[in-house]
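Report on the structure given below.
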2 protein chains.
Amino acid sequence: MNDNTLAEQIADSLRRDILLGRLAPGALIKERDSSAGLGVSRTPLREAIRILASEGLVTLRPSRSPIVANPSLKEITDDLVVMNALEILAARLACMNATAGELDRITALHEEMLAISDTADAVSYFEVDMAFHRTITAASHNLSLADTHRSYMARLWRPRFLAASLRRDRPRVLRQHGDIVQGLISRDMGLVSREVESHTRHLVTNITDLYERHPNGQPGETVTGQAAMEPPRDPALRPH
Amino acid sequence: MNDNTLAEQIADSLRRDILLGRLAPGALIKERDSSAGLGVSRTPLREAIRILASEGLVTLRPSRSPIVANPSLKEITDDLVVMNALEILAARLACMNATAGELDRITALHEEMLAISDTADAVSYFEVDMAFHRTITAASHNLSLADTHRSYMARLWRPRFLAASLRRDRPRVLRQHGDIVQGLISRDMGLVSREVESHTRHLVTNITDLYERHPNGQPGETVTGQAAMEPPRDPALRPH
DNA sequence: GCAACGATTTTGGTATACCAAAATTCGACG
DNA sequence: CGTCGAATTTTGGTATACCAAAATCGTTGC
């Protein structure tokens, strides 16, 4: 059998459907229908739904069908505030704990992002953006922090993706990333804190703008393009 | 039937067993045996185990029995670092957002703690301590932050409880709590940040001491006394 | 017409049965 | 006496069946 359990595969599949907009916010996820649609039984589908609920992508209601989460702007902003604090902490810890190899990987991702910024589509561009932030978090050498941060990244995936699609902002983002890289390499905790904070502040502004243009439901239609879109990995189980 | 689902009740029960030390760190939780022992079927027990795993109290291993988590000192310290950041953020937000009523509740809890500090047993004392910190987090008016913080409180419950049992530290803890209350009331974000940080630093020291005296497994035997011990509520489902 | 009520259907929650890895046991062989 | 390996047992993963709330819809009485 496959190395992953069925429930995890289903969670991955549903997560893609939600994040790419194929499952609209507020849509019902009936256990019988969905499991039949995927050709599996209800048991692993139920488990998958709980996984997604713990990531904030699905809302559980007592004795009622789970629905695709439809967070309000306040909830998204609240999540961003928390993720901001986690990223600042991660960056500061990375200043202290990152190995030379990790700094190289971060630098390489930044340079790749610079290289493709003119030509890449939103999807490929965003993939590198995600990898950049995730690598910094990993360099903190704090597994709990990395897990929690990953969870917030997942639930903020869609708003972040939409914001990253604003091509006019790419120069600023790249400049800030460059400053963060500089701060990490020189192990300047004050600098990285300021830059991460500023980075998030712009993100909040952009997402607020987008949200006010498309108050509820789908800001922008289904994400098309390559199906090889990186589905965020579910939080790794920690083998203590 | 009861208002809570069976899986949640099982999770509550297992959580109490783990946190009070009735289930030793590293102990196997076999699905068949445990479910039979509780007189329920495997399905809700499985779900309960996933809940506890998401709280970090149980470790899942592929195709092997789940075991009670047995975190290393580094993992506990890592968790404390994250919780510290979350508490600082919560306290700063509470400075901005707390209502007068919430500040009153926080003050009342602090005064209750002062009143019972000489007479109370470890369990009752710790209950108030938990409530104090949880109320501050709630006053941040950021639900995600409160949930995430609650999760870290849960997984750090046992080390925190053992540290709080050190009676010699109570005067310092009470003084720091008083400073935090003052900072909140005067909405002085700098003050509360410093005090929360210092609070956590002492906690890390105490837990490190305890851990080095009892490296693995049980530092201190099963918690006895009243069975009415507050079992931490599982993270509330957020009705968006 | 319409509102209140009850039968039917739908749906999540739980129990049970089955399957396939993984662990264990025990005997054959060196 | 030790070691390797196959049969057996144990155990987590999955499918299916059953139950009880909740929602839906049709009916009835006003």
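Note that the structure is a prediction, hence the values are computed from the model and not measured. Residue numbers begin at 1 in each chain, while the letters A, B, ... track the order of the sequences.
Rounded to a whole Å, the CD1 atom of A:I10 is 13 Å from the P atom of D:dG13. Between the P atom of D:dG12 and the CG atom of A:N4 lies a distance of 19 Å, rounded to the nearest Å. Rounding to whole angstrom units, CD1 of residue B:I67 and P of D:dT11 are separated by 15 Å. Going from atom CD of A:E31 over to atom P of D:dT16 covers 15 Å, rounded to whole Å. Put simply, CZ on A:R61 is 15 Å from C1' on D:dA21, counting in whole angstrom units. Following rounding to the nearest Å, A:R32 (CZ) and C:dG12 (C1') show an atom-to-atom distance of 7 Å. In this entry the distance linking CZ of A:R42 with C1' of C:dG13 reads 7 Å, nearest Å. As a whole-Å value, the separation of B:L28 CG from D:dT10 C1' is 12 Å.
Listed nucleotides C:dC19, D:dT16, C:dA15 differ in distance to B:S41; the shortest reach to its side chain belongs to C:dA15. Nearest to the side chain of A:K30, among D:dG12, D:dA15, C:dG12, sits C:dG12.
For A:R46 against C:dG12, a side-chain-to-base donor-acceptor contact under 3.5 Å is absent.
Looking only at distances, no side-chain donor or acceptor of B:D78 sits under 3.5 Å from a matching main-chain atom of A:N142.
Side-chain N/O atoms of A:S63 include none lying less than 4.0 angstrom from OP1 or OP2 on C:dG13.
At the heavy-atom level, B:T43 lies under 4.0 Å from base atoms of the strands shown.
At a cut-off of 3.5 Å, with distance as the only test, no side-chain donor of A:H199 or A:E87 sits close to an acceptor on the other residue. Under the 3.5 Å distance criterion, with hydrogens and angles disregarded, no donor-acceptor pair is assigned to the side chains of A:D147 and A:S144.
When the options A:L80, A:L73, A:I76, A:L203 are evaluated for a side chain to side chain contact (heavy atoms under 4.5 Å, CB included) with A:T208, the one that passes is A:L73.
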